[in-house]
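Everything on this sheet refers to the single structure shown next.
Values below: every heavy atom of this structure, side chains too, minus hydrogens, waters and symmetry copies.
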2 protein chains.
Amino acid sequence: MDTANHNDLQPTFRALADPTRREILLLLSQQDMSIGEVCEHFEVTRAAVKKHLTILEEGSLITVRTHGRERINHLAPSGLKQVSDWMSYFDQFWTERLGRLQQAIERNNVAGKSKKNTKGS
Amino acid sequence: MDTANHNDLQPTFRALADPTRREILLLLSQQDMSIGEVCEHFEVTRAAVKKHLTILEEGSLITVRTHGRERINHLAPSGLKQVSDWMSYFDQFWTERLGRLQQAIERNNVAGKSKKNTKGS
DNA sequence: TTGACATAATACCTTTTGGTACTGTAATTT
DNA sequence: AAATTACAGTACCAAAAGGTATTATGTCAA
């Protein structure tokens, strides 16, 4: 079982919570990169990028492979899959609710009335 | 298009980055609740819960409806859907990679070997 | 060795989180 | 109507975590 209890998701959600790190994921989705190459796409120092990469690695969102004296960062599917699995629990939910909402809107349009609820004191 | 550019995702990812807030989402997936009811499931004060609910609302993960002197919190599908959409970009990715892994495993099973896949990546 | 790249430790600042206390508002009671 | 009770929201404060830059140290190749 590679999937995680929702407790194990914390490092992954934490990693995804930063926009720079999400950008890095998009970068790595197109091409594996060394830390130096990743740096070229951002205005921050290498040290900052390195910390982001470490956090991404802790979230199982990337893996790093040593290649000579360079360390190549790859996108790792497992972290993303774990989050996807966690969210799939809610799929039933928003599928159902959005469907109902849309039905209600369409019914309102047909009926033509959306007046606010009256309030007496 | 109601969905957001990935910039708008920040409040949602931020909201999901806290384990208490994820717990609240699971709670609300089973039943709409007032803030007081949510509090009963946690050890923190109502003020703290209220802040979590505000952040969840900013992430379009819940909606709040006033009902007399109570405010009922509901699960909101839209934020979850936005994250789901963002992640679907990577689907091709880990579907491809995990798919390859799974094929390898199945091939091993058919061949009569259940031994772990070679370290691969 | 030097030069180039990677990692580690530290410091500074911002954001986040949770607490207490106070305020606001709606329903209830007298 | 006025006072009381119940539920919710806001303001301020302290503690903790997060992000970045700087500086120093380590590693590898020429």
Can A:K81 and A:D85 be counted as an ion pair, charged N to O under 4.0 angstrom? yes
Please round to the nearest 0.5 Å and tell me the distance separating atom CZ of B:R65 and atom CZ of B:R71. 11.0 Å
Just the rounded figure in Å: distance from C1' of C:dT17 to CD of B:E23. 17 Å
So, does B:H67 get its side chain near the phosphate of C:dA26, meaning an N or O under 4.0 Å from OP1 or OP2? no
Just by modelled atom types, is the A:L56 backbone N or O under 3.5 Å from a matching donor or acceptor in the A:R14 side chain? no
Of the candidates D:dT10, C:dG19, D:dA8, the side chain of B:K50 sits closest to D:dT10
Between B:D18 (CG) and D:dA16 (P), how many Å, whole number? 17 Å
Measure CZ/A:F13 against P/D:dG18 and give the value in whole Å, please. 16 Å
Between P on D:dT10 and CG on B:L53, what's the gap in Å once rounded to a whole number? 12 Å
Respond yes when some side-chain nitrogen or oxygen of B:H52 is under 4.0 Å from OP1 or OP2 of C:dG18, and no when none is. yes
Looking at A:K51 and D:dG18, is any side-chain donor or acceptor paired with a base atom of the opposite kind under 3.5 Å? no
Contact class for B:A48 vs. all strands (heavy atom < 4.0 Å): base, sugar-phosphate, or nothing? sugar-phosphate
Which part of the nucleic acid, if any, lies within reach of B:T54 when heavy atoms closer than 4.0 Å are counted: base, sugar-phosphate only, or nothing? nothing
